[in-house]
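As C-alpha coordinates, the structure follows; a few thoughts come after it.
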Amino acid sequence: MAKNKKPNPKSLARKPRGFPDKREDVLKAELDMIHRVSSVYRLWGFEGIETGAFEYADALGKFLPDQDRPNAGVFAIQDDDEQWMSLRYDLTAPLARFAAEHWDTLPKPFRRYAYGPVWRNEKPGPGRFREFMQCDADTVGAKGPAADAEMIAMMAEALKAAGAQRFNVRVNTRDLMSGLLDSIDARDEETRLIILRALDKLDRLGLSGVADLLGEGREDESGDYTKGAGLDAERVKRVLAFAESGKSSRGETLEALAAVVSGNEAYDRGIAELREIDGLLSAMGAPDGVVVFDPTIVRGLEYYTGPVFEGELLDEILDEKGRAVRIGSVGGGGRYDGLVSRFRNEEIPATGFSLGISRLAAAMSLTGELNALSGPVVVLVLDREHVADSHVLAHQLRAAGIRSEVYMGSSGMRPQMKYADRRGAPAVVIVGEDERQKGTVTIKDLIVGAQKAKAIKDNTEWRESRPGQVEVSRDEMVATIKGMLEADN
RNA sequence: GCCGCCUUAGCUCAGUAGGUUAGAGCGCUAGAUUGUGGAUCUAGAGGUCCCCUGUUCGAACCAGGGAGGCGGUACCA
(Lines give C-alpha, C1' and ligand atoms only; values in the text may rest on other atoms or scores of the structure.)
Protein backbone atom coordinates (compact mmCIF):
# COMPACT_ATOMS: atom_id res chain seq x y z
CA MET A 1 0.00 0.00 0.00
CA ALA A 2 2.13 2.81 -1.29
CA LYS A 3 1.27 6.14 0.19
CA ASN A 4 2.59 9.51 -0.74
CA LYS A 5 4.53 11.01 2.10
CA LYS A 6 3.07 14.47 1.78
CA PRO A 7 1.40 15.42 5.03
CA ASN A 8 -2.23 16.44 4.76
CA PRO A 9 -2.06 20.25 4.61
CA LYS A 10 -5.21 20.45 6.68
CA SER A 11 -3.56 18.67 9.56
CA LEU A 12 -1.11 21.55 9.82
CA ALA A 13 -3.85 24.07 10.51
CA ARG A 14 -4.18 23.24 14.18
CA LYS A 15 -4.66 25.55 17.11
CA PRO A 16 -2.99 24.85 20.44
CA ARG A 17 -5.72 24.36 22.98
CA GLY A 18 -6.44 27.08 25.45
CA PHE A 19 -5.25 29.79 23.06
CA PRO A 20 -8.57 31.05 21.79
CA ASP A 21 -9.27 32.46 18.37
CA LYS A 22 -11.68 35.31 18.93
CA ARG A 23 -13.98 36.62 16.25
CA GLU A 24 -15.65 39.98 16.14
CA ASP A 25 -18.40 39.24 18.67
CA VAL A 26 -16.10 38.07 21.46
CA LEU A 27 -13.27 40.38 20.49
CA LYS A 28 -15.46 43.45 20.60
CA ALA A 29 -17.13 42.31 23.81
CA GLU A 30 -13.73 42.00 25.49
CA LEU A 31 -12.49 45.35 24.26
CA ASP A 32 -15.70 47.07 25.35
CA MET A 33 -15.48 45.40 28.74
CA ILE A 34 -11.90 46.47 29.23
CA HIS A 35 -12.89 49.99 28.35
CA ARG A 36 -15.86 50.11 30.69
CA VAL A 37 -14.11 48.37 33.57
CA SER A 38 -11.00 50.51 33.44
CA SER A 39 -13.23 53.58 33.27
CA VAL A 40 -14.67 52.51 36.61
CA TYR A 41 -11.17 52.16 38.03
CA ARG A 42 -10.20 55.58 36.73
CA LEU A 43 -13.37 57.05 38.19
CA TRP A 44 -12.25 55.77 41.58
CA GLY A 45 -8.88 57.44 41.16
CA PHE A 46 -6.64 54.69 39.84
CA GLU A 47 -3.98 55.29 37.20
CA GLY A 48 -3.08 52.97 34.37
CA ILE A 49 0.20 51.08 34.12
CA GLU A 50 1.25 48.61 31.48
CA THR A 51 4.13 46.20 31.91
CA GLY A 52 5.61 43.65 29.52
CA ALA A 53 4.50 40.10 28.92
CA PHE A 54 7.69 38.55 30.31
CA GLU A 55 9.17 38.84 33.78
CA TYR A 56 12.24 37.17 35.15
CA ALA A 57 11.08 33.95 36.70
CA ASP A 58 12.47 34.79 40.12
CA ALA A 59 10.53 38.06 40.12
CA LEU A 60 7.31 36.13 39.61
CA GLY A 61 7.98 34.23 42.79
CA LYS A 62 6.84 30.77 43.63
CA PHE A 63 7.06 29.29 40.16
CA LEU A 64 10.77 29.06 39.66
CA PRO A 65 11.33 26.84 36.69
CA ASP A 66 13.23 23.78 37.77
CA GLN A 67 15.45 21.78 35.50
CA ASP A 68 12.98 18.96 34.99
CA ARG A 69 9.81 20.89 34.34
CA PRO A 70 10.59 24.51 33.47
CA ASN A 71 7.10 24.94 32.08
CA ALA A 72 5.01 23.61 34.94
CA GLY A 73 2.25 26.13 35.45
CA VAL A 74 3.93 28.91 33.52
CA PHE A 75 5.42 29.33 30.07
CA ALA A 76 9.11 29.95 30.48
CA ILE A 77 12.04 30.43 28.12
CA GLN A 78 15.69 31.22 28.62
CA ASP A 79 16.99 34.61 27.56
CA ASP A 80 20.30 35.05 25.68
CA ASP A 81 22.14 35.20 28.96
CA GLU A 82 20.43 31.99 30.07
CA GLN A 83 18.29 33.65 32.69
CA TRP A 84 14.80 32.19 32.93
CA MET A 85 12.00 34.46 31.86
CA SER A 86 8.33 33.59 32.28
CA LEU A 87 5.20 34.89 30.65
CA ARG A 88 3.28 36.62 33.44
CA TYR A 89 0.55 34.44 34.97
CA ASP A 90 -1.28 37.42 36.47
CA LEU A 91 -1.01 41.20 36.66
CA THR A 92 -0.33 41.35 40.38
CA ALA A 93 3.18 39.91 40.40
CA PRO A 94 4.38 42.42 37.77
CA LEU A 95 2.78 45.19 39.81
CA ALA A 96 4.64 44.05 42.91
CA ARG A 97 7.89 44.11 40.94
CA PHE A 98 7.10 47.53 39.48
CA ALA A 99 6.04 49.04 42.80
CA ALA A 100 9.12 47.70 44.57
CA GLU A 101 11.40 48.98 41.83
CA HIS A 102 9.93 52.49 41.84
CA TRP A 103 8.73 52.68 45.42
CA ASP A 104 10.82 55.68 46.43
CA THR A 105 9.41 57.90 43.69
CA LEU A 106 5.79 56.77 43.67
CA PRO A 107 2.93 58.63 45.33
CA LYS A 108 2.00 56.53 48.34
CA PRO A 109 -0.36 54.77 48.60
CA PHE A 110 0.07 53.81 44.96
CA ARG A 111 -3.17 53.16 43.15
CA ARG A 112 -3.01 51.62 39.70
CA TYR A 113 -5.09 49.66 37.25
CA ALA A 114 -3.85 47.43 34.45
CA TYR A 115 -5.28 45.22 31.74
CA GLY A 116 -3.84 42.75 29.29
CA PRO A 117 -3.30 39.11 28.51
CA VAL A 118 -1.83 36.66 31.00
CA TRP A 119 -0.74 33.07 30.42
CA ARG A 120 -1.01 29.90 32.46
CA ASN A 121 0.16 26.52 31.34
CA GLU A 122 -2.61 24.33 32.68
CA LYS A 123 -5.54 22.28 31.47
CA PRO A 124 -8.12 24.46 29.71
CA GLY A 125 -11.88 24.05 30.06
CA PRO A 126 -15.05 26.06 29.49
CA GLY A 127 -14.18 29.67 30.34
CA ARG A 128 -10.71 28.52 31.23
CA PHE A 129 -7.88 29.39 28.87
CA ARG A 130 -4.12 29.31 28.69
CA GLU A 131 -4.11 32.85 27.35
CA PHE A 132 -6.73 35.24 28.69
CA MET A 133 -7.44 38.87 29.49
CA GLN A 134 -7.55 40.33 32.95
CA CYS A 135 -8.31 43.80 34.22
CA ASP A 136 -6.90 44.56 37.66
CA ALA A 137 -6.87 47.30 40.26
CA ASP A 138 -4.57 47.42 43.28
CA THR A 139 -3.54 49.76 46.05
CA VAL A 140 0.00 49.37 47.34
CA GLY A 141 0.99 50.92 50.66
CA ALA A 142 -2.39 51.14 52.40
CA LYS A 143 -3.19 48.95 55.34
CA GLY A 144 -6.54 48.71 57.07
CA PRO A 145 -9.94 47.60 55.94
CA ALA A 146 -10.88 50.79 54.08
CA ALA A 147 -8.54 49.91 51.22
CA ASP A 148 -9.97 46.38 51.15
CA ALA A 149 -13.57 47.55 51.29
CA GLU A 150 -12.85 49.92 48.45
CA MET A 151 -11.60 47.05 46.31
CA ILE A 152 -14.66 44.98 47.08
CA ALA A 153 -17.10 47.78 46.34
CA MET A 154 -15.26 48.71 43.17
CA MET A 155 -15.24 45.13 41.95
CA ALA A 156 -19.01 45.01 42.27
CA GLU A 157 -19.28 48.19 40.23
CA ALA A 158 -16.82 46.92 37.66
CA LEU A 159 -18.72 43.66 37.19
CA LYS A 160 -21.88 45.59 36.64
CA ALA A 161 -20.15 47.92 34.19
CA ALA A 162 -18.78 44.89 32.36
CA GLY A 163 -22.33 43.80 31.67
CA ALA A 164 -22.84 41.09 34.29
CA GLN A 165 -26.53 40.91 35.15
CA ARG A 166 -26.84 38.58 38.11
CA PHE A 167 -23.74 38.14 40.22
CA ASN A 168 -22.44 38.47 43.73
CA VAL A 169 -19.15 39.27 45.39
CA ARG A 170 -18.43 37.02 48.34
CA VAL A 171 -16.07 38.14 51.04
CA ASN A 172 -14.15 36.29 53.72
CA THR A 173 -11.03 36.92 55.74
CA ARG A 174 -8.03 34.84 56.72
CA ASP A 175 -8.26 35.51 60.45
CA LEU A 176 -11.67 33.94 60.57
CA MET A 177 -10.38 30.76 59.00
CA SER A 178 -7.28 30.42 61.11
CA GLY A 179 -9.39 31.15 64.19
CA LEU A 180 -11.70 28.32 63.22
CA LEU A 181 -8.79 25.96 62.65
CA ASP A 182 -7.27 26.88 66.01
CA SER A 183 -10.59 26.34 67.74
CA ILE A 184 -10.81 22.75 66.52
CA ASP A 185 -7.18 22.26 67.40
CA ALA A 186 -5.98 21.64 63.84
CA ARG A 187 -2.33 22.55 64.30
CA ASP A 188 -0.79 20.45 61.61
CA GLU A 189 -0.16 22.52 58.45
CA GLU A 190 -1.24 19.78 56.07
CA THR A 191 -4.49 19.20 57.93
CA ARG A 192 -5.23 22.90 57.89
CA LEU A 193 -4.74 23.00 54.13
CA ILE A 194 -6.99 20.00 53.59
CA ILE A 195 -9.74 21.60 55.67
CA LEU A 196 -9.56 24.88 53.81
CA ARG A 197 -9.59 23.19 50.42
CA ALA A 198 -12.59 21.15 51.53
CA LEU A 199 -14.45 24.32 52.53
CA ASP A 200 -13.67 25.81 49.14
CA LYS A 201 -15.55 22.94 47.50
CA LEU A 202 -18.84 23.42 49.30
CA ASP A 203 -20.63 24.87 46.29
CA ARG A 204 -19.46 22.04 44.07
CA LEU A 205 -19.63 18.97 46.30
CA GLY A 206 -22.31 20.00 48.76
CA LEU A 207 -22.35 19.44 52.51
CA SER A 208 -21.93 15.67 52.42
CA GLY A 209 -19.00 15.84 49.99
CA VAL A 210 -17.28 18.37 52.21
CA ALA A 211 -18.06 16.26 55.26
CA ASP A 212 -16.32 13.28 53.59
CA LEU A 213 -13.26 15.41 52.84
CA LEU A 214 -13.16 16.67 56.41
CA GLY A 215 -13.38 13.10 57.71
CA GLU A 216 -11.89 10.02 56.11
CA GLY A 217 -11.87 11.03 52.47
CA ARG A 218 -13.95 10.97 49.33
CA GLU A 219 -14.17 8.84 46.23
CA ASP A 220 -15.36 10.67 43.11
CA GLU A 221 -17.39 9.23 40.28
CA SER A 222 -14.34 8.36 38.21
CA GLY A 223 -13.14 6.21 41.11
CA ASP A 224 -10.40 8.59 42.18
CA TYR A 225 -9.87 8.84 45.91
CA THR A 226 -9.03 12.02 47.79
CA LYS A 227 -7.64 11.66 51.27
CA GLY A 228 -9.57 13.57 53.94
CA ALA A 229 -8.49 15.64 56.93
CA GLY A 230 -9.31 12.88 59.39
CA LEU A 231 -11.36 15.03 61.77
CA ASP A 232 -13.65 13.37 64.30
CA ALA A 233 -17.41 13.75 64.05
CA GLU A 234 -17.60 16.55 66.58
CA ARG A 235 -15.07 18.67 64.70
CA VAL A 236 -16.60 17.93 61.32
CA LYS A 237 -19.85 19.22 62.71
CA ARG A 238 -18.21 22.42 63.89
CA VAL A 239 -16.58 23.09 60.54
CA LEU A 240 -19.82 22.42 58.70
CA ALA A 241 -21.66 24.82 60.99
CA PHE A 242 -19.05 27.41 60.07
CA ALA A 243 -19.48 26.64 56.38
CA GLU A 244 -23.22 27.06 56.63
CA SER A 245 -23.03 30.48 58.28
CA GLY A 246 -23.15 32.32 54.97
CA LYS A 247 -26.53 34.05 54.82
CA SER A 248 -28.07 36.35 52.28
CA SER A 249 -27.29 39.52 54.21
CA ARG A 250 -24.00 40.58 55.73
CA GLY A 251 -25.47 41.26 59.18
CA GLU A 252 -27.08 37.84 59.41
CA THR A 253 -23.86 36.14 58.38
CA LEU A 254 -21.91 37.97 61.07
CA GLU A 255 -24.44 36.84 63.67
CA ALA A 256 -24.32 33.25 62.51
CA LEU A 257 -20.51 33.24 62.47
CA ALA A 258 -20.32 34.65 65.99
CA ALA A 259 -22.35 31.68 67.23
CA VAL A 260 -19.99 29.04 65.81
CA VAL A 261 -16.75 29.77 67.69
CA SER A 262 -16.27 31.68 70.89
CA GLY A 263 -13.27 32.78 72.86
CA ASN A 264 -10.76 32.61 70.04
CA GLU A 265 -8.70 35.72 69.45
CA ALA A 266 -8.06 35.39 65.72
CA TYR A 267 -11.66 34.43 65.09
CA ASP A 268 -12.97 37.48 66.94
CA ARG A 269 -10.50 39.65 65.05
CA GLY A 270 -11.86 38.27 61.79
CA ILE A 271 -15.42 39.06 62.77
CA ALA A 272 -14.47 42.56 63.86
CA GLU A 273 -12.71 43.10 60.54
CA LEU A 274 -15.72 41.96 58.55
CA ARG A 275 -17.98 44.13 60.69
CA GLU A 276 -15.88 47.16 59.88
CA ILE A 277 -15.80 46.25 56.19
CA ASP A 278 -19.58 45.92 56.28
CA GLY A 279 -19.95 49.52 57.48
CA LEU A 280 -17.49 50.80 54.89
CA LEU A 281 -19.18 48.88 52.09
CA SER A 282 -22.49 50.49 52.97
CA ALA A 283 -20.81 53.89 52.99
CA MET A 284 -19.38 53.20 49.52
CA GLY A 285 -22.73 52.15 48.16
CA ALA A 286 -22.04 48.42 47.82
CA PRO A 287 -25.47 46.80 48.07
CA ASP A 288 -26.02 44.15 50.72
CA GLY A 289 -27.13 40.94 49.06
CA VAL A 290 -24.86 41.60 46.09
CA VAL A 291 -21.77 41.93 48.23
CA VAL A 292 -22.09 39.24 50.88
CA PHE A 293 -19.94 37.48 53.46
CA ASP A 294 -19.19 33.84 52.75
CA PRO A 295 -16.94 31.82 55.05
CA THR A 296 -16.22 29.21 52.37
CA ILE A 297 -14.25 31.59 50.17
CA VAL A 298 -10.62 30.45 50.36
CA ARG A 299 -8.49 31.65 47.38
CA GLY A 300 -4.71 31.37 47.17
CA LEU A 301 -3.41 30.04 50.41
CA GLU A 302 0.21 31.11 50.30
CA TYR A 303 -0.60 34.48 48.89
CA TYR A 304 -3.38 36.30 50.68
CA THR A 305 -2.96 37.55 54.23
CA GLY A 306 -6.27 39.26 55.12
CA PRO A 307 -9.64 39.78 53.50
CA VAL A 308 -10.29 37.71 50.36
CA PHE A 309 -13.19 37.90 47.95
CA GLU A 310 -14.43 36.62 44.65
CA GLY A 311 -17.11 37.47 42.14
CA GLU A 312 -19.37 34.86 40.65
CA LEU A 313 -22.15 34.85 38.08
CA LEU A 314 -25.38 33.48 39.47
CA ASP A 315 -27.08 32.36 36.26
CA GLU A 316 -27.01 28.71 35.35
CA ILE A 317 -24.90 28.49 32.24
CA LEU A 318 -25.45 25.92 29.51
CA ASP A 319 -23.04 25.05 26.72
CA GLU A 320 -23.97 24.63 23.02
CA LYS A 321 -25.29 21.17 23.75
CA GLY A 322 -27.43 22.29 26.64
CA ARG A 323 -25.25 20.80 29.34
CA ALA A 324 -24.68 22.80 32.49
CA VAL A 325 -21.15 24.16 32.66
CA ARG A 326 -19.36 25.44 35.70
CA ILE A 327 -17.66 28.66 34.78
CA GLY A 328 -16.38 29.40 38.27
CA SER A 329 -15.41 32.79 39.58
CA VAL A 330 -15.08 35.71 37.19
CA GLY A 331 -12.69 37.59 39.39
CA GLY A 332 -11.27 37.83 42.84
CA GLY A 333 -8.67 39.31 45.06
CA GLY A 334 -7.69 40.22 48.56
CA ARG A 335 -4.97 41.57 50.76
CA TYR A 336 -1.45 40.35 50.06
CA ASP A 337 0.86 42.09 52.48
CA GLY A 338 3.87 39.89 51.74
CA LEU A 339 4.16 40.27 48.01
CA VAL A 340 5.80 43.66 47.58
CA SER A 341 7.72 43.36 50.83
CA ARG A 342 9.47 40.40 49.28
CA PHE A 343 11.48 42.83 47.16
CA ARG A 344 12.22 45.40 49.91
CA ASN A 345 13.44 45.48 53.47
CA GLU A 346 10.29 47.09 54.71
CA GLU A 347 6.65 46.31 55.26
CA ILE A 348 4.57 47.26 52.23
CA PRO A 349 0.94 46.25 52.55
CA ALA A 350 -1.12 45.80 49.41
CA THR A 351 -4.61 44.87 48.35
CA GLY A 352 -6.31 44.44 45.02
CA PHE A 353 -8.25 42.23 42.70
CA SER A 354 -8.49 40.94 39.20
CA LEU A 355 -11.43 40.69 36.84
CA GLY A 356 -11.38 37.80 34.38
CA ILE A 357 -12.42 39.54 31.18
CA SER A 358 -12.09 36.49 28.93
CA ARG A 359 -13.99 34.25 31.28
CA LEU A 360 -16.75 36.80 31.66
CA ALA A 361 -17.00 37.20 27.88
CA ALA A 362 -17.03 33.42 27.44
CA ALA A 363 -19.83 33.10 29.97
CA MET A 364 -21.84 35.86 28.35
CA SER A 365 -21.27 34.31 24.97
CA LEU A 366 -22.82 31.07 26.25
CA THR A 367 -25.79 32.85 27.81
CA GLY A 368 -26.37 34.81 24.60
CA GLU A 369 -25.74 38.12 26.33
CA LEU A 370 -23.23 39.35 23.81
CA ASN A 371 -24.51 41.85 21.30
CA ALA A 372 -25.26 40.30 17.94
CA LEU A 373 -22.80 41.01 15.18
CA SER A 374 -23.59 44.04 13.11
CA GLY A 375 -21.69 44.54 9.90
CA PRO A 376 -21.02 47.54 7.73
CA VAL A 377 -23.29 48.94 5.05
CA VAL A 378 -22.13 47.27 1.84
CA VAL A 379 -22.02 49.23 -1.39
CA LEU A 380 -22.39 46.79 -4.27
CA VAL A 381 -20.39 46.89 -7.46
CA LEU A 382 -22.50 45.97 -10.49
CA ASP A 383 -20.30 47.13 -13.35
CA ARG A 384 -16.59 46.84 -12.80
CA GLU A 385 -15.88 49.86 -14.96
CA HIS A 386 -17.78 52.02 -12.50
CA VAL A 387 -16.16 50.82 -9.27
CA ALA A 388 -15.04 54.35 -8.47
CA ASP A 389 -18.67 55.35 -8.29
CA SER A 390 -19.28 52.89 -5.47
CA HIS A 391 -16.25 54.26 -3.66
CA VAL A 392 -17.63 57.78 -3.84
CA LEU A 393 -20.80 56.58 -2.11
CA ALA A 394 -18.92 54.63 0.57
CA HIS A 395 -16.77 57.67 1.20
CA GLN A 396 -19.86 59.81 1.75
CA LEU A 397 -21.25 57.28 4.20
CA ARG A 398 -18.02 57.11 6.17
CA ALA A 399 -17.80 60.88 6.26
CA ALA A 400 -21.21 60.79 7.93
CA GLY A 401 -19.86 58.28 10.46
CA ILE A 402 -21.64 55.28 8.99
CA ARG A 403 -19.58 52.10 8.94
CA SER A 404 -19.44 51.06 5.31
CA GLU A 405 -17.42 49.31 2.67
CA VAL A 406 -17.37 48.60 -1.05
CA TYR A 407 -17.67 44.94 -2.02
CA MET A 408 -14.13 43.85 -2.85
CA GLY A 409 -14.78 40.48 -4.42
CA SER A 410 -15.28 39.66 -8.05
CA SER A 411 -18.66 37.93 -8.02
CA GLY A 412 -22.02 38.98 -9.37
CA MET A 413 -24.90 40.64 -7.62
CA ARG A 414 -26.43 37.61 -5.99
CA PRO A 415 -23.23 36.56 -4.19
CA GLN A 416 -22.77 40.19 -3.18
CA MET A 417 -26.17 40.15 -1.49
CA LYS A 418 -25.24 36.90 0.21
CA TYR A 419 -22.00 38.43 1.34
CA ALA A 420 -23.81 41.41 2.85
CA ASP A 421 -26.20 39.05 4.59
CA ARG A 422 -23.38 37.03 6.11
CA ARG A 423 -21.58 40.08 7.30
CA GLY A 424 -24.71 41.11 9.17
CA ALA A 425 -24.91 44.27 7.07
CA PRO A 426 -27.88 46.43 8.03
CA ALA A 427 -28.28 47.66 4.45
CA VAL A 428 -26.81 47.55 0.97
CA VAL A 429 -26.50 50.33 -1.55
CA ILE A 430 -27.14 49.37 -5.16
CA VAL A 431 -26.04 51.51 -8.09
CA GLY A 432 -26.38 50.03 -11.53
CA GLU A 433 -26.96 51.42 -14.95
CA ASP A 434 -30.58 52.40 -14.16
CA GLU A 435 -29.65 54.37 -11.08
CA ARG A 436 -26.72 56.03 -12.73
CA GLN A 437 -28.96 57.28 -15.52
CA LYS A 438 -31.42 58.74 -13.04
CA GLY A 439 -28.88 60.01 -10.52
CA THR A 440 -30.32 57.79 -7.80
CA VAL A 441 -29.28 54.91 -5.57
CA THR A 442 -31.32 51.91 -4.46
CA ILE A 443 -31.05 51.18 -0.77
CA LYS A 444 -32.16 47.86 0.66
CA ASP A 445 -32.75 47.52 4.37
CA LEU A 446 -31.72 43.93 4.96
CA ILE A 447 -33.27 43.70 8.39
CA VAL A 448 -36.68 45.00 7.32
CA GLY A 449 -36.36 42.96 4.14
CA ALA A 450 -35.87 39.76 6.10
CA GLN A 451 -38.86 40.49 8.32
CA LYS A 452 -41.17 41.20 5.43
CA ALA A 453 -39.98 38.20 3.48
CA LYS A 454 -41.21 35.90 6.22
CA ALA A 455 -44.79 36.64 5.21
CA ILE A 456 -44.18 35.81 1.54
CA LYS A 457 -45.11 32.30 0.46
CA ASP A 458 -45.60 32.57 -3.27
CA ASN A 459 -42.58 32.17 -5.50
CA THR A 460 -43.33 34.91 -8.01
CA GLU A 461 -44.22 37.34 -5.27
CA TRP A 462 -40.96 36.39 -3.67
CA ARG A 463 -39.14 37.34 -6.82
CA GLU A 464 -41.03 40.44 -7.72
CA SER A 465 -41.61 42.21 -4.46
CA ARG A 466 -38.53 43.96 -3.21
CA PRO A 467 -39.15 44.12 0.53
CA GLY A 468 -37.37 46.84 2.43
CA GLN A 469 -36.11 48.53 -0.70
CA VAL A 470 -36.27 52.18 -1.69
CA GLU A 471 -34.84 54.25 -4.51
CA VAL A 472 -33.76 57.76 -3.56
CA SER A 473 -31.70 60.53 -5.09
CA ARG A 474 -28.02 60.51 -4.28
CA ASP A 475 -28.38 63.52 -2.02
CA GLU A 476 -30.79 61.64 0.18
CA MET A 477 -28.67 58.50 0.54
CA VAL A 478 -26.94 59.37 3.79
CA ALA A 479 -30.09 60.63 5.48
CA THR A 480 -32.09 57.61 4.34
CA ILE A 481 -29.55 55.13 5.67
CA LYS A 482 -29.23 57.02 8.93
CA GLY A 483 -32.97 56.76 9.31
CA MET A 484 -32.86 53.01 8.68
CA LEU A 485 -30.08 52.46 11.19
CA GLU A 486 -31.97 54.36 13.87
CA ALA A 487 -35.16 52.43 13.18
CA ASP A 488 -33.29 49.09 13.20
CA ASN A 489 -31.47 49.54 16.41
C1' G B 1 -0.99 14.80 36.96
C1' C B 2 -4.78 10.68 37.54
C1' C B 3 -9.56 8.25 35.86
C1' G B 4 -13.46 7.61 32.19
C1' C B 5 -15.77 8.37 27.40
C1' C B 6 -15.19 9.88 22.39
C1' U B 7 -12.77 10.71 17.13
C1' U B 8 -16.48 8.93 9.72
C1' A B 9 -17.89 15.48 4.71
C1' G B 10 -17.39 22.54 7.01
C1' C B 11 -21.25 21.06 11.26
C1' U B 12 -24.49 17.14 13.67
C1' C B 13 -24.40 12.13 13.11
C1' A B 14 -25.77 7.07 10.42
C1' G B 15 -23.16 2.77 8.77
C1' U B 16 -21.23 -2.79 7.80
C1' A B 17 -20.69 -10.66 12.39
C1' G B 18 -13.98 -7.47 8.68
C1' G B 19 -15.92 -7.76 1.43
C1' U B 20 -15.81 -3.83 -4.88
C1' U B 21 -17.89 2.93 -6.25
C1' A B 22 -18.72 5.13 2.46
C1' G B 23 -24.29 7.68 3.42
C1' A B 24 -28.18 11.40 5.51
C1' G B 25 -29.68 16.21 7.33
C1' C B 26 -27.87 21.02 7.74
C1' G B 27 -24.30 24.19 5.47
C1' C B 28 -21.60 25.41 0.83
C1' U B 29 -21.63 26.30 -4.78
C1' A B 30 -24.67 26.82 -9.11
C1' G B 31 -29.35 27.09 -11.80
C1' A B 32 -34.80 28.03 -11.74
C1' U B 33 -34.92 34.29 -11.14
C1' U B 34 -30.73 38.26 -18.24
C1' G B 35 -29.74 43.53 -11.39
C1' U B 36 -31.48 41.14 -5.40
C1' G B 37 -29.57 37.82 0.78
C1' G B 38 -33.11 35.11 4.17
C1' A B 39 -38.44 30.89 1.67
C1' U B 40 -39.18 26.80 -2.24
C1' C B 41 -37.46 23.32 -6.09
C1' U B 42 -33.33 21.05 -8.91
C1' A B 43 -28.33 19.84 -9.61
C1' G B 44 -23.25 19.81 -8.00
C1' A B 45 -18.79 20.03 -5.17
C1' G B 46 -16.76 18.24 -0.84
C1' G B 47 -13.83 12.30 2.71
C1' U B 48 -5.89 9.54 3.59
C1' C B 49 -13.58 6.97 7.81
C1' C B 50 -7.65 10.89 13.68
C1' C B 51 -2.32 8.79 13.02
C1' C B 52 1.24 4.66 13.10
C1' U B 53 2.20 -0.51 13.51
C1' G B 54 0.19 -5.29 13.42
C1' U B 55 -3.58 -9.47 12.27
C1' U B 56 -5.92 -10.76 7.48
C1' C B 57 -6.54 -12.66 0.62
C1' G B 58 -8.88 -8.04 2.13
C1' A B 59 -9.33 -3.10 7.73
C1' A B 60 -13.23 2.97 8.47
C1' C B 61 -14.66 -1.73 11.29
C1' C B 62 -10.29 -6.36 14.89
C1' A B 63 -5.42 -5.78 18.26
C1' G B 64 -1.36 -2.71 20.25
C1' G B 65 0.69 2.06 20.60
C1' G B 66 0.22 7.35 19.84
C1' A B 67 -2.33 12.11 19.04
C1' G B 68 -6.55 15.15 19.55
C1' G B 69 -11.35 16.28 21.81
C1' C B 70 -14.89 16.04 25.93
C1' G B 71 -16.07 15.13 31.03
C1' G B 72 -14.67 14.12 36.16
C1' U B 73 -10.84 14.66 39.81
C1' A B 74 -6.26 16.82 41.87
C1' C B 75 -3.59 21.39 41.85
C1' C B 76 -4.54 26.49 40.97
C1' A B 77 -0.43 32.43 41.92
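All of these numbers come straight from a predicted model, not from anything done at the bench.
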### Query
What pairs with A:Phe19 under ring-ring contact (aromatic ring centres under 6.0 Å, His included), at least two apart in sequence or on another chain?
A:Phe75

### Summary
For residues 418-457 of chain A, the ring pair (Phe, Tyr, Trp, His ring centres under 6.0 Å) pairs (sequence neighbours left out) are A:Tyr407-A:Tyr419

### Task
Please measure how far the P atom in B:U42 lies from the corresponding atom in B:U33, and state the result in whole Å.
16 Å

### Task
Report yes if a side-chain nitrogen or oxygen of A:Arg17 is closer than 4.0 Å to either non-bridging phosphate oxygen (OP1 or OP2) of B:G69; otherwise report no.
yes

### Message
The criterion is side-chain hydrogen bond (donor to acceptor under 3.5 Å, both in side chains); which residues satisfy it with A:Asp445, sequence neighbours excluded?
### Response
none

### Message
Would you measure the distance from the P atom in B:G31 across to the matching atom in B:G37 and give it in whole Å?
### Response
11 Å

### Task
Using a 4.0 Å heavy-atom cut-off across all strands, classify A:Arg204 as base, sugar-phosphate, or nothing.
sugar-phosphate

### Query
Using Watson-Crick pairs (N1 to N3, plus N6-O4 or O6-N4) and G-U wobble pairs, both distances under 3.5 Å, which stems of at least 3 pairs involve RNA chain B?
B:1-7 with B:67-73, B:10-13 with B:23-26, B:28-32 with B:40-44, B:50-54 with B:62-66

### Task
Could you name each residue pair satisfying ring pair (Phe, Tyr, Trp, His ring centres under 6.0 Å) that touches residues 111-132 of chain A, not counting sequence neighbours?
none

### Task
Sequence neighbours left out, what pairs pass salt bridge (Lys or Arg N to Asp or Glu O under 4.0 Å) with at least one residue falling in residues 117-142 of chain A?
A:Arg112-A:Asp138, A:Glu122-A:Arg128

### Query
Would you say the base of B:C76 and the side-chain of A:Arg128 have a donor-acceptor pair closer than 3.5 Å?
yes

### Task
Please name all residues satisfying side-chain hydrogen bond (donor to acceptor under 3.5 Å, both in side chains) with A:Glu476, sequence neighbours left out, ordered by chain then number.
A:Ser473

#### Entry: 5'-most by nearest nucleotide on RNA chain B - A:Gly300 or A:Leu205
A:Leu205

### Query
Does A:Arg326 make a side-chain N or O approach to OP1 or OP2 of B:G72 shorter than 4.0 Å?
no

### Residue pairs fulfilling salt bridge (Lys or Arg N to Asp or Glu O under 4.0 Å) with at least one residue in residues 343-356 of chain A, sequence neighbours excluded
A:Asp104-A:Arg344, A:Arg344-A:Glu346

### Task
Mind checking A:Pro124 for me? I need base, sugar-phosphate or nothing, with any heavy atom below 4.0 Å counting as a touch.
nothing

### Query
Less than 4.0 Å between a side-chain N and a carboxylate O, is that true for A:Arg218 and A:Asp212?
no

List every contact pair, protein side and nucleotides 35-37 of chain B side both N or O, where the distance is under 3.5 Å.
residue : atom : partner  : partner atom : Å
B:G35   : O6   : A:Asp434 : N            : 3.0
B:G35   : O6   : A:Asp434 : OD1          : 3.2
B:G35   : O6   : A:Asp434 : OD2          : 2.7
B:G35   : O6   : A:Glu435 : OE1          : 3.2
B:G35   : N1   : A:Glu435 : OE1          : 2.8
B:G35   : N1   : A:Glu435 : OE2          : 3.1
B:G35   : N2   : A:Glu435 : OE2          : 3.0
B:U36   : O2   : A:Lys444 : NZ           : 3.2
B:U36   : O2   : A:Gln469 : OE1          : 3.3
B:U36   : N3   : A:Gln469 : OE1          : 2.9
B:U36   : N3   : A:Gln469 : NE2          : 2.9
B:U36   : O4   : A:Arg466 : NH1          : 3.4
B:U36   : O4   : A:Gln469 : NE2          : 2.5
B:G37   : OP1  : A:Arg414 : NH1          : 2.7
B:G37   : O2'  : A:Asp421 : OD2          : 3.0
B:G37   : N7   : A:Lys444 : NZ           : 3.3
B:G37   : N1   : A:Leu446 : O            : 2.9
B:G37   : N2   : A:Asp421 : OD1          : 3.0
B:G37   : N2   : A:Leu446 : O            : 3.2
B:G37   : N3   : A:Asp421 : OD1          : 3.3

### Query
Which comes earlier along RNA chain B counting from the 5' end, the contact point of A:Lys123 or that of A:Lys201, where each point is its nearest nucleotide?
A:Lys123

